[in-house]
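Worksheet: one structure, shown below.
Just so we're clear, the structure is a prediction, and the values are computed from it rather than from any experiment. Convention: sequence-line order gives letters A, B, ...; per-chain numbering from 1.
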Amino acid sequence: MEETDKHIEHKSKSSASKAETVIHIKGLKKSFGSKIVLKNINLDVTRGENVVVLGKSGQGKSVAIQCIVGMLTPDHGSLTVFGDEVTDMNERQLKELRIKIGFLFQGGALYDSMTVRENLEFPLTRVLKLKDQDEIDQRVEEVLDGVGLLDAIDKMPSDLSGGMRKRVGLARTLIVKPEIMLYDEPTTGLDPITSREISELILEMQKKYKTTSIIITHDMECARITADRMVVMNEGEFVAEGSFEELKKSKEQFVRSFFN
Amino acid sequence: MAEQAIPGWKKWLEASGDQVTFLSGFFRNLFRGGFEWSEFVRQCYEIGYKSFMLVGTTAFIMGLVLALQLRPTLVGFGALSMLPKTLAVSIVREIGPVITAIICAGKIASGIGAELGSMKVTEQIDAMEVSGANPVQYLVVTRVLATTFMVPLLTLLGDVLGLIGGFLAINITSHVSALLYFNKCIASIGFVDLLPAFIKTIFFGFIIGFIGCYKGYNSNRGTESVGLAANSAVVTASLWIFVVDAIVVQISSLLFYH
């Protein structure tokens with residue numbers, strides 16, 4: 001708790017320092033049929049930064065981060081990650097990029113036919129192609145210990161609570177040591193205590209693995225704990241940007257409505 | 001009118017294009033390195049071994065019923081001695097492969113469709129893809145190959161149990177020794193009966209796995225789509241089984257029976 005508050009006090013200082021831009025989005029547009037979801041998205045995310053994207057449901061927040069990993073192709077605009085244009089990448093390049101990006105889905109997206117251990121081994125053996133079982137075991141146990149779920153190593157996903165599933169999902173994403181983490185509503189559907197635990201865990205893991213993060217949420221407590229910088233999305237556009245405290249004092253009624 | 005017809009054609013063309021793309025994705029990943037042996041074996045167990053009881057029971061009853069219904073007709077023609085031969089040829093050529101395939105379409109294609117559909121809804125397939133793993137290689141290739149491999153084996157089991165069912169039916173009303181019955185059955189089955197039947201079961205297995213995977217993998221988001229994927233997989237696979245059966249029978253008639 002104390003550590004979290006210290007982080008909030010100091011993060012404006014850290015974000016002020018000049019850093020390398022790892023994600024650069026300019027003029028991004030995306031439509032599904034006649035429905036325009038992203039109108040004009042512009043965003044720069046620097047290395048080590050935690051950017052929270054705030055917005056109502058159905059405003060295109062998830063679509064924006066799905067474009068970053070190449071799950072969706074934007075209709076227009078530029079999207080570079082580590083200086084490479086994502087929309088120009090072939091299958092092999094996209095795969096290489098995806099290894100550097102971790103994506104935590106809303107429900108954890110655990111493979112429900114596998115145990116927790118097998119879920120965590122999956123990216124190690126299929127993506128990193130590790131063969132040494134001792135190394136695999138060590139990494140699985142280390143990352144599970146990190147999220148406080150070493151005891152659940154041989155459980156099936158169906159035996160886990162919502163919060164535990166998200167922790168395991170986070171562990172599975174972090175096990176390949178990604179440079180960027182994308183969180184799609186990490187605290188949705190959780191009680192306030194578990195939500196806070198997950199938010200603190202995100203922060204702790206960000207420090208441990210030194211990741212750059214984009215966190216999609218409408219949970220203000222999660223935003224307060226994790227954000228270095230926040231952007232507010234409305235109707236497919238970013239309408240406000242700033243720190244948690246700055247946005248709290250915003251003159252825009254729409255922005256302030258999130259804090260009430 | 002024309003405006004209404006265009007979206008239907010467009011939809012049909014889009015669906016056909018998607019299926020061709022999915023099929024090419026399957027073959028591309030089939031010959032790519034890193035075959036998932038453990039998942040393939042697991043699928044063979046799930047798909048094949050766990051269907052033994054259902055296929056075996058159904059085939060046994062089919063053989064029994066077929067013998068009981070054929071008997072009065074053959075007696076009427078004074079051709080009761082032809083019963084083992086008639087049974088063997090009809091079971092091996094047609095009833096065994098088609099009944100097994102239809103049962104597998106109902107059990108396996110729907111199971112695969114529902115499983116992959118549910119994985120799609122819960123974003124498990126997206127999670128696999130976005131992590132840099134290859135979901136087509138892990139989920140699709142293994143399942144399609146497992147059905148292609150296991151359906152012929154299940155058909156073989158179904159054929160044998162169907163003949164045993166026929167033997168039991170004959171012995172309800174008269175007495176025929178097992179040795180005589182099975183000798184007559186085996187003697188009446190030739191290469192031209194076995195080969196086309198075996199080849200078509202390979203196609204049936206492929207159809208069941210491919211359509212189950214395609215429907216599940218391409219299901220929409222939402223719980224309703226899981227049921228729709230399973231249902232659509234059974235209907236489409238069953239329809240294709242009959243279409244392929246008709247084609248194989250025509251070809252084998254031209255090649256072997258004339």
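Heavy atoms of other residues, nucleotides or ligands lying less than 6.0 angstrom from CZ of B:F198 number 12 at most. Surrounding NZ of A:K208 are more than 12 heavy atoms belonging to other residues, nucleotides or ligands, all under 6.0 Å away. For B:E224, the CD atom counts as loosely surrounded, since its 6.0 Å shell holds 12 or fewer non-hydrogen atoms of other residues, nucleotides or ligands. For A:I136, the CD1 atom sits in a packed shell: over 12 heavy atoms of surrounding residues, nucleotides or ligands are nearer than 6.0 Å. Counting non-hydrogen atoms of other residues, nucleotides and ligands closer than 6.0 Å to NZ of A:K131 gives a total of 12 or fewer. The neighbour count for B:F149 CZ, taken as heavy atoms of other residues, nucleotides or ligands under 6.0 Å away, does not exceed 12. Heavy atoms from other residues, nucleotides or ligands lying under 6.0 Å from CD of A:Q133 number more than 12. Shown here is B:F203, whose CZ atom has no more than 12 heavy atoms of other residues, nucleotides or ligands within 6.0 Å.
Contact between B:G132 and A:K95 at its shortest, heavy atoms only, is O-CE, 2.8 Å. In terms of heavy atoms, B:A133 sits closest to A:R126 at CB-CB, 4.3 Å. Taking every heavy atom of both residues into account, B:Q124 and A:Y111 meet most closely at OE1-CA, 3.2 Å.
The backbone N or O of A:M71 lies less than 3.5 Å from no partner atom in the side chain of B:E129, so there is not a single donor-acceptor pair.
Only the side chain of B:E36 comes within contact range of chain A, with at least one heavy atom under 4.5 Å from a heavy atom of that chain. Contacts of B:D126 with chain A are made by both backbone and side-chain atoms, with heavy-atom separations under 4.5 Å.
Looking at A:V127, A:V176, A:I175, A:I101 one by one, the single match for side-chain contact (heavy atoms from CB on, under 4.5 Å) with B:S131 turns out to be A:V127. Considering A:T173, A:V69, A:L94 in turn, A:V69 is the only one that fulfils the side-chain contact (heavy atoms from CB on, under 4.5 Å) rule with B:V130.
Contact count versus chain B (heavy atoms, under 4.5 Å) is highest, among A:L110, A:I99, A:L128, for A:L110.
Considering CG of B:N134 and CD of A:E91, their distance stands at 7.5 Å, rounded to 0.5 Å. Going from atom OG of A:S113 over to atom CD of B:E39 covers 6.5 Å, rounded to the nearest 0.5 Å.
In summary, A:E118 and B:R42 do not engage in a salt bridge, as defined by a charged side-chain N under 4.0 Å from a carboxylate O.
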